[in-house]
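Structure record follows, encoded as structure tokens.
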Protein chains: 2
Amino acid sequence: MNIGEAAAHSRLPAKTIRYYEEIGLITPLRDLNGYRAFRSSDVHKLSFLGRARALGFSIEDCRTLLSLYEDQGRESAEVKMLARNQLTEVDRKIAALQAMRDTLAYLIDCCAGDHRPDCPILADLGAEAQPERSGATKRTV
Amino acid sequence: MNIGEAAAHSRLPAKTIRYYEEIGLITPLRDLNGYRAFRSSDVHKLSFLGRARALGFSIEDCRTLLSLYEDQGRESAEVKMLARNQLTEVDRKIAALQAMRDTLAYLIDCCAGDHRPDCPILADLGAEAQPERSGATKRTV
DNA sequence: GATAGGCCTTCCACTAACGGGAAGGTCAAG
DNA sequence: CTTGACCTTCCCGTTAGTGGAAGGCCTATC
């Protein structure tokens, strides 16, 4: 199977597949003409990688997950720990984004957004460092 | 004011400040010895940048915001539009992360996480492409 | 005066995870 | 034979900085 077909099956771009080979995540065979020859196990791994990446696992996490996947004697505890760490990380990111979101929404709500130059958004961004003023702006940042 | 002091006041690393100068976001003066000399307006801009970045605005957005901030005749509508786009972007990211989170939490919940090799997380990652099986796993990915 | 340390400078390399595009080889169809 | 769709490697670019080396400057101390 050539790279194009492998890409179609795994739903990964060919560029990504070449990259994954380069960093040693997969090692497809080679045809006599130099073309990569993907076995179904390779395509399977690629799909695995695509799913793990879609769950936000880093490449290095994926490398570990893949080796655990291949290791028939692994303990599920190790995988669960990885997943839990990933969940924590995702939660952290969500919380950070949520804080941004709230501040942004608040500022947008304050801004008239018309032809006048007065803008609470810029005013807030440019405000002096927070010397613990009471109730001026909702400064989450 | 030297870069160390500017860093302390703006709460940005010196490295970041040098980078911001390099890409033209600020242009501090120079002392005779070659040291950067930051005016209070420079430090003010740096704080502005720190806040805008903390809200998730890209460097290029920050460049625009800064120029709008300096432009006394700007229309607040333009700023509001930028902020709204940013809000949309943040919402998009939150939604994506939330989907990951749900799938991860589900998989973690399914996994015994003990010394046994059976692991639903790996099983799910490695499952065949979704041929619309009914009720097998909760595949969000 | 010498030296130590703590600043500051520039420059280069590196990060994550690819994407774009050039230059060129291969293959099947018409 | 040519065309067009594949494939190959190689190199550069992305975002927003971070790390480190080599070296200059400044102040204090011995």
Side-chain angles (χ1 to χ4, degrees), chain A residues 1-38 42-43 45-46 48-66 86 89-90 93 96-97 100 141, chain B residues 1-38 42-43 45-66 85-86 89-90 92-93 96-97 100:
Chain A
M1 192 188 306
N2 282 349
I3 200 170
E5 210 179 335
H9 278 90
S10 64
R11 298 164 189 275
L12 290 178
K15 277 277 189 184
T16 299
I17 296 175
R18 292 198 190 94
Y19 174 67
Y20 286 174
E21 181 189 16
E22 187 188 328
I23 64 175
L25 284 179
I26 52 164
T27 41
L29 304 174
R30 293 287 177 145
D31 284 338
L32 290 177
N33 58 13
Y35 287 18
R36 288 170 182 81
F38 293 84
D42 294 319
V43 178
K45 280 192 203 179
L46 288 172
F48 182 100
L49 290 169
R51 299 228 183 78
R53 293 283 301 132
L55 285 179
F57 287 102
S58 74
I59 290 286
E60 286 316 307
D61 282 341
C62 288
R63 196 187 300 278
T64 306
L65 285 169
L66 206 48
Q86 177 57 19
E89 192 57 26
V90 169
K93 287 182 186 166
L97 285 171
M100 284 184 200
V141 185
Chain B
M1 192 187 308
N2 281 350
I3 200 171
E5 210 179 335
H9 278 89
S10 64
R11 296 162 190 276
L12 290 178
K15 276 277 191 184
T16 298
I17 296 176
R18 292 198 191 94
Y19 174 67
Y20 285 175
E21 180 189 17
E22 187 188 329
I23 64 176
L25 283 180
I26 52 164
T27 41
L29 303 175
R30 293 287 178 146
D31 285 338
L32 290 178
N33 58 13
Y35 285 19
R36 288 171 182 81
F38 293 83
D42 294 319
V43 178
K45 280 192 203 178
L46 288 172
S47 301
F48 181 99
L49 290 168
R51 298 228 182 79
R53 293 285 300 129
L55 285 180
F57 286 103
S58 74
I59 290 287
E60 287 316 306
D61 282 342
C62 287
R63 195 188 300 278
T64 306
L65 285 170
L66 207 47
N85 288 347
Q86 176 57 18
E89 192 58 24
V90 168
R92 217 183 42 71
K93 287 183 186 165
L97 285 171
M100 286 184 198

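Here is how names work: the chains are called A, B, and so on, in the same order as the sequence lines, proteins then strands, and each is numbered from 1.
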Donor-acceptor under 3.5 Å (B:Ser10 side chain, B:Ala6 main chain):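 It does hold such a pair.
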Within the structure provided, determine whether B:Asp61 and B:Gln86 are in side-chain contact (heavy-atom separation under 4.5 Å).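 In short, these two side chains touch, coming nearer than 4.5 Å.
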Close side-chain approach of A:Lys93 to B:Lys93, heavy-atom, < 4.5 Å: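 A side-chain contact under 4.5 Å is absent here.
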Please lay out, stage by stage, how A:Asn2 and A:Asp31 fare under the test side-chain contact (heavy atoms from CB on, under 4.5 Å). CA-CA 9 Å; A:Asn2 282 349; A:Asp31 284 338; 4.1 Å; yes
Round to the nearest Å and state the distance from B:Glu5 atom CD to C:dG6 atom P.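 In whole Å, C:dG6 P lies 18 Å from B:Glu5 CD.
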In whole angstrom, what separates A:Ile59's CD1 from C:dA16's C1'?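 After rounding, the gap between these two atoms is 8 Å.
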[X]: which residues meet the side-chain contact (heavy atoms from CB on, under 4.5 Å) condition with it, sequence neighbours left out?
X	result
B:Ala96	none
A:Leu29	A:Ala37, A:Arg39
A:Leu66	A:Lys45, A:Phe48, A:Leu49
B:Thr27	none

Any residue meeting side chain to side chain donor-acceptor pair (under 3.5 Å) with [X], in chain and number order, not counting sequence neighbours:
X	answer
A:Glu22	none
A:Arg53	none
B:Glu89	B:Arg92
B:Arg63	B:Glu60

List, with names and distances, any nitrogen or oxygen atoms from the protein found under 3.5 Å away from nitrogen or oxygen atoms belonging to nucleotides 23-27 of chain C.
unit_1: C:dG25; atom_1: N2; unit_2: A:Tyr35; atom_2: OH; d: 2.9
unit_1: C:dT26; atom_1: O4'; unit_2: A:Tyr35; atom_2: OH; d: 3.4
unit_1: C:dC27; atom_1: OP1; unit_2: A:Asn33; atom_2: ND2; d: 3.1

Reading DNA chain D 5' to 3', which nucleotide is the first, and which the last, to come under 4.0 Å of any heavy atom in chain B?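 For DNA chain D, the relevant span reads D:dA16 to D:dC26.
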Over its full length, what angle do the end axes of the helix from C:dG1-D:dC30 to C:dG30-D:dC1 make, each axis taken from five pairs and the result rounded to 10 degrees?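 Comparing the first five pairs with the last five, the axes sit 30° apart.
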Interatomic distance, A:Phe57 atom CZ to A:Arg51 atom CZ [nearest 0.5 angstrom]: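 Between A:Phe57 CZ and A:Arg51 CZ, I get 13.5 Å after rounding to 0.5 Å.
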Would you say C:dC8 has OP1 or OP2 under 4.0 Å from some side-chain N or O of B:Arg30?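 No, because none of the side-chain N or O atoms of B:Arg30 sits under 4.0 Å from OP1 or OP2 of C:dC8.
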Residues within residues 13-25 of chain A bordering DNA chain D, heavy-atom distance below 4.0 Å: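 Those residues are A:Lys15, A:Arg18.
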